[in-house]
Amino acid sequence: MDMEKTYQPEKFENGIYQKWEAEGLFRPSGDNSKGSYSIALPPPNVTGSLHMGHAFQQTIMDTLIRYHRMQGFNTLWQCGTDHAGIATQMVVERKLAKEENLTRHDLGREAFIDRIWKWKEQSGGTITKQMRRLGTSVDWSRERFTMDKGLSRAVKEVFVRLYDEDLIYRGKRLVNWDPKLRTAISDLEVENRDVKGYMWYMKYMLADGVKTADGKDYLMIATTRPETMLGDTAVAVNPSDERFKSIVGKELILPLVNRRIPVIADIHADMTTGTGCVKITPAHDFNDYAVGKRNKLPMINILTEDAHIRDEAEVFDHDGLPSDCVSSFIPEAYRGLDRFEARDKIVEDLKALGLLDHIEDHALSQPFGDRGGVPIEPMLTDQWYVRASVLGKPAVEAVKDGRIQFVPAQYANMYYSWMNDLQDWCISRQLWWGHRIPAWYDENGKVYVARSEEECRSKYNLADDFKLTRDPDVLDTWFSSALWTFSTLGWPDNTEELKTFHPTSCLVTGFDIIFFWVARMIMMTMHFMKNEDGTPQVPFKTVYVTGLIRDEEGKKMSKSKGNVLDPLDMIDGIGIDELVGKRTANMMQPQMAEKIAKRTRKQFPEGIASHGTDALRFTLCALASNGRDINWDMKRLDGYRNFCNKIWNASRFVLMNVGSMQLTKPNKADLSLADRFIMSKLSKTIKDVCTYIESYRFDQLANTLYEFIWNEYCDWYVEFTKAILKSNTATTEQKNATAYTLVEVLETIMRLAHPVMPFLTETIWEQTAPMVSKTNAAHTIMVAPFPKESDYEIDEEAETQIAFIKDFATTVRNLRAEMKVGPSVTLTPFMRGASASEKECAEKNFLYIKNLANIEPITFIEKDASLPPCASKPLRKAEVLIPMKDLINKDEEIKRLKGMIAKLEGNIKGGEAKLSNEAFVSKAPAKIIEGARAQLELNKTQLSKVKAQLEQMMSL
RNA sequence: GGAUGCAUAGCUCAGUUUGGUUAGAGCAUCUGCCUUACAAGCAGAGGGUCAUAGGUUCGAGUCCUAUUGCAUCCACCA
């Protein structure tokens, strides 16, 4: 058996994955006897690359999938990618601008979409390659893309059905408009940023010689957006505001435009805020829009699609119909100006007219488009909407009654709070890349909705030559993602896959897309997927919500901060120059590059070492506690890479020592105490592992594996076996039993750890499984049965005895260290006052102790027997003593004993206080009192021994 | 303004649901060891008034109240 001296994952990880994939092992088994288990992978952006969040979530999903697959469930991990409308279109537009100096409009719609498809072909493989490197066992044969044929069919079907049920409608409304991308976006895609701005105070003169109650001939208006005044159609005051009661219904002259606008009374105006007078611009502000509706005000749109001032305003009545009820005039000076240029010019002109009273600094949170990164503009446009409030009701119920469970549970609150106040969802986007809306218009603008133009004509009885024009807009990306769990399984056909794998078992995703995706998936799925009894079917039974992975300082990882860690770099390693290159390439703000380079070189002077996939996955699991954000810690990764190395070397030990033996299944009688001990511990570990996976405690799972493998198997059991395998007294059968157990437990550990660490475990399993006849037809651990608690016997007696042996060895080592005696010096220990069972155990298992502590046989003496000066330490109710000879420093020993006495006395004092407390003795449960008494007694016994020891030492 | 989460060793975090003997892990630190699986290792050690103040209880890191600090989400911002 030839194994490298250190763990070198790069030598085997790739080959193993290729083998698994080639042999079709990721596909469902088709055996439904134990039920099915399925996960739909949240589809990553098709042209994206794998980041830490993906690695984290996919590790968790893969752990769940591999676990259930080994448990014998018919397991499907459905994968695919998302067309990511805005994101992808932007990438290609940027590329086009950079490389060919062209805009999408230069190319035209068809040619541009063609370019995106080409880009998808070219770069779409990046993330799927990276996923393979991570070991994700998705069923690649079922890979889907949100724009492929089947999914497009599902999208059209859903759209048409919802329209026919009046759950989708089209209407002119105020929407969040991104002037850079020139599209509407949903509320969710708006992020509010705190910015420093100004409050401008300006005077609107009263018309017809009217004066306010305090004799002024103007109203003072405060605004943060002076340029919108061009579209003002009223000024509002609060109906109960005494200051302005007399002028309600009177008119003002809108400055610069010289249009007359009314003073209206509306509760929107807050007497305590600003000046008490609010300008009302229904076409450019959400509150004003509502005020306009209430007061039947006209709406004046002054902006173009890219937020420049129009040459002539668009005027609509309060129902949004084109109207000429007020003038559409815009002063020439502002026409064609960008909205911020217009602002400056308007302020300047107002000032010149003496209408600008003053300016104040003002902190405000301003809405920005999360993709385009420019301030969004409320705009009056025609858009398509989903009546989310209707679809939302059953979706709330499903979580309330537990059909869908959030893990951790508190995310359900976040879900409710949003769901209970659902606004209609704007689903149309003025983009080119996406699912085109299946709606057609005739020349009068009448709308027809159908799956195709052909169906449209037959559905609405339209002649073949009746002119129809298709809606140019596409659907929000999240519209197609919302159908993901069922559209990928073949819906609208009632396929076998749907029957077998839907609802899916679990969704693993980040909290940041609960609203974008999770909530909408629940709404859509429950509307379209029904159980046999007609009740709505949920998309998944559990939502496991992960936190965000942040950098070591707790900052979000982002390209612009230059603190992004690529999971692949941690797997394969990367040189410092290459890392700096990656972090500083294509910066939006090139001036940051130098700073980032400097910081990166400081943090990673030698670049990043390779750690292997398994170490990365194990680290991700270990850090995955309870949905909290994770501050990434390179040190943890190093530690778990060392853990992989530990497993590797333990395996090396096993194979070197027993690899050439012909092992046979041992008789129970030939098993050693250590064998029985490790199998008992293993049984308990298996139970814990299952519990933790099923309760989504991947951190506990990792800790349990780490603790058992390193502390029990390697530190103790392997050491015990050395004593037996090298022993002259053990029989061949006994040696076989221990050798067999050594291999069998290792083989089981591999299966136990496989869901988290697929590659290392496969490698070692392939070599160990045949030795204990555990191999299978496919020769892979992937489909080996997951260990069961009942595979091994609990043996409390063995555990108790081993615990004593460990204690004894530890005590001796402790004394050895305190006496500063090197491990090569053989010690001659005494044990004073041992119980009969302790004596028997120590004598019977002396071989183990000798091997662990390097000692001569133990001399047992009576409780009160005296000895020449010794270093000593209490062990339970007895004590272990080692003759000092010249090995020990008397003063040091006295100091140590005094320390022990102080500690014991403290414990005794506490214990006595507790037990003399009447209330405690009368009210605490018997078990607790019992425990306290026993502890007190033990402390007293030990104290007396240590005191005697001190006395002897002092008398020297 | 509304809501949630967090605060435990030098660092990163478990433990709090269900209160119970001396509060754990990894990394870092200190001491001694290259002991034929592993120096990416072995053996041993030090390090915590569990954010603060009250309360409930025989007993509080754990339950309750308040305060402080940090973070996040939602809403609003003339």
Side-chain angles (χ1 to χ4, degrees), chain A residues 3 5-7 192 199-201 221-225 235-236 268-270 273-280 285 287-288 362-366 408-411 413-414 417-418 421 511-512 514-515 547-548 552 554 609 619 622-623 625-636 638-657 697 699-700 703 706-707 714-715 718-719 722 810 813-818 820-824 852-854 903 906-907 910-911 914 917-925 927-936 938-939:
Chain A
M3 284 180 82
K5 201 175 167 187
T6 52
Y7 165 66
N192 292 305
M199 181 79 80
W200 286 271
Y201 287 81
I221 311 289
T223 180
T224 55
R225 303 200 45 204
V235 166
H268 168 63
D270 181 345
T273 311
T275 61
C277 308
V278 198
K279 64 194 265 316
I280 303 297
D285 181 283
N287 282 315
D288 294 3
H362 184 73
L364 73 164
S365 83
Q366 194 177 6
Q410 69 257 24
Y411 283 107
N413 293 329
M414 192 168 152
S417 70
W418 189 64
D421 182 32
F511 72 93
D512 48 330
I514 287 182
F515 304 147
L548 233 56
E552 38 286 297
T619 310
L623 295 176
S625 54
N626 243 336
R628 281 176 57 159
D629 283 359
I630 293 170
N631 295 349
W632 185 254
D633 182 0
M634 257 325 179
K635 299 276 174 53
R636 291 289 288 265
D638 291 342
Y640 292 125
R641 191 265 321 265
N642 295 355
F643 177 55
C644 291
N645 186 56
K646 188 73 183 177
I647 296 176
W648 182 262
N649 271 293
S651 309
R652 219 172 129 240
F653 168 82
V654 171
L655 294 170
M656 281 168 74
N657 283 280
R697 287 307 304 260
D699 56 335
Q700 307 273 41
N703 289 340
Y706 189 98
E707 154 81 20
C714 294
D715 285 352
V718 164
E719 294 305 319
K722 284 178 183 171
T810 305
R813 286 168 173 176
N814 204 306
L815 284 167
R816 180 190 291 277
E818 276 161 3
K820 299 207 188 337
V821 178
S824 55
L852 294 167
N854 188 17
K903 200 175 165 190
N907 289 347
K914 195 179 223 178
N917 182 343
E918 186 51 40
F920 175 71
V921 181
S922 61
K923 289 189 181 169
K927 213 173 130 188
I928 298 297
I929 298 170
E930 216 38 36
R933 283 219 174 95
Q935 185 63 43
L936 180 62
L938 180 61
N939 283 336

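Convention: sequence-line order gives letters A, B, ...; per-chain numbering from 1.
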B:G5 and B:A45, which share atom name C1', separated by this distance in whole Å: 37 Å

Test item: A:Arg697 side-chain N/O and A:Ser625 main-chain N/O as donor-acceptor pair under 3.5 Å: no

Phosphate OP1/OP2 of B:C13 contacted by A:Asn631 side-chain N/O (<4.0 Å): yes

Touch class at under 4.0 angstrom, heavy-atom based, for A:Val718 against every strand present: base

Presence of A:Arg697 side-chain N/O under 4.0 Å of B:G15 phosphate oxygens OP1/OP2: yes

Nearest-Å distance for atom pair CH2/C1', residues A:Trp648 and B:G41: 17 Å

Nearest-Å distance once atom P is located in both B:C6 and B:U17: 13 Å

Sugar-phosphate, base or nothing in reach of A:Gln700, heavy atoms under 4.0 Å: sugar-phosphate

Intermediate values then yes/no, salt bridge (Lys or Arg N to Asp or Glu O under 4.0 Å), A:Lys927 and A:Glu930: CA-CA 5 Å; A:Lys927 213 173 130 188; A:Glu930 216 38 36; over 6 Å; no

Euclidean distance, atom CG of residue A:Asp699 to atom P of B:A25 [Å, nearest integer]: 16 Å

Options B:G44, B:C58, B:U22, nucleotide nearest the side-chain atoms of A:Thr810: B:G44

Comparing A:Gly276 and A:Phe515 on RNA chain B - which has the more 5′ nearest nucleotide: A:Phe515

Side-chain N or O of A:Ser417 closer than 4.0 Å to phosphate OP1/OP2 of B:A3: no

Rounded distance in Å - CZ (A:Phe920) to C1' (B:G20): 8 Å

Length of the OH-P vector between A:Tyr640 and B:G41, whole Å: 13 Å

Between P of B:G26 and CZ of A:Arg641, the distance in whole Å: 17 Å

Minimal non-hydrogen separation, A:Arg816 against A:Asn854, with atom names: NH2-O, 3.1 Å

Sugar-phosphate, base or nothing in reach of A:Arg813, heavy atoms under 4.0 Å: sugar-phosphate

Closest listed nucleotide, where the reference is the side chain of A:Lys646 and the choices are B:G26, B:C42, B:G44: B:C42

Short side-chain N/O contact from A:Asn642 to OP1 or OP2 of B:G41, under 4.0 Å: yes

Among B:U12, B:G44, B:A37, the nucleotide that comes nearest once only the side chain of A:Ala650 is considered: B:A37

Row check, A:Phe653 ring normal vs A:Lys722 NZ/CZ: under 6.0 Å, within 45°: yes

OP1 or OP2 of B:G20 under 4.0 Å from side-chain N/O of A:Lys914: no

Nearest-neighbour nucleotide for the A:Tyr706 side chain, B:C13, B:C58, B:G26 considered: B:G26

Donor-acceptor pair (no angle test) under 3.5 Å: A:Glu719 side chain, B:A37 base: yes

Distance, C1' atom - from B:U8 to B:A14, rounded to whole angstrom: 10 Å

Sugar-phosphate only, base, or nothing, as touched by A:Cys644 at under 4.0 Å among non-hydrogen atoms: nothing

Check: A:Tyr7 main-chain N/O paired with A:Arg641 side-chain donor or acceptor under 3.5 Å: no

Between P of B:G2 and CH2 of A:Trp418, the distance in whole Å: 23 Å

Proximal nucleotide (of B:G44, B:A40, B:A78) relative to the A:Thr273 side chain: B:A78

Interatomic distance, A:Ile630 atom CD1 to A:Leu623 atom CG [nearest 0.5 angstrom]: 5.0 Å

Geometric class of the A:Tyr706/A:Tyr640 ring pair [parallel <30°, tilted 30-60°, perpendicular >60°]: perpendicular

Closest to the A:Arg652 side chain, choosing from B:C33, B:A78, B:C38: B:C38

Nearest-Å distance for atom pair CG/P, residues A:Asn939 and B:U21: 14 Å

Between B:G47 (P) and A:Lys903 (NZ): distance, integer Å: 9 Å

Sugar-phosphate only, base, or nothing, as touched by A:Ala934 at under 4.0 Å among non-hydrogen atoms: nothing

Sugar-phosphate, base or nothing in reach of A:Asn703, heavy atoms under 4.0 Å: nothing

Which nucleotide in B:U72, B:C38, B:C58 has an atom nearest any side-chain atom of A:Lys923: B:C58

Short side-chain N/O contact to B:U21 OP1/OP2 from A:Asn907, under 4.0 Å: no

Closest to side chain of A:Asp715, choosing from B:A14, B:A78, B:C42: B:C42

Touch class at under 4.0 angstrom, heavy-atom based, for A:Thr224 against every strand present: sugar-phosphate

A:Asp629 side chain vs A:Leu548 backbone, donor-acceptor pair below 3.5 Å: yes

Sugar-phosphate, base or nothing in reach of A:Lys635, heavy atoms under 4.0 Å: sugar-phosphate

Listed nucleotide nearest any side-chain atom of A:Asn645, set B:A40, B:U12, B:G20: B:A40

A:Ile928, nearest nucleotide to its side chain (from B:G20, B:C73, B:G26): B:G20

N/O donor-acceptor pair, side chain A:Glu552 with base B:U12, under 3.5 angstrom: no

Touch class at under 4.0 angstrom, heavy-atom based, for A:Lys5 against every strand present: sugar-phosphate

Euclidean distance for C1', B:C11 against B:U67 (whole angstrom): 28 Å

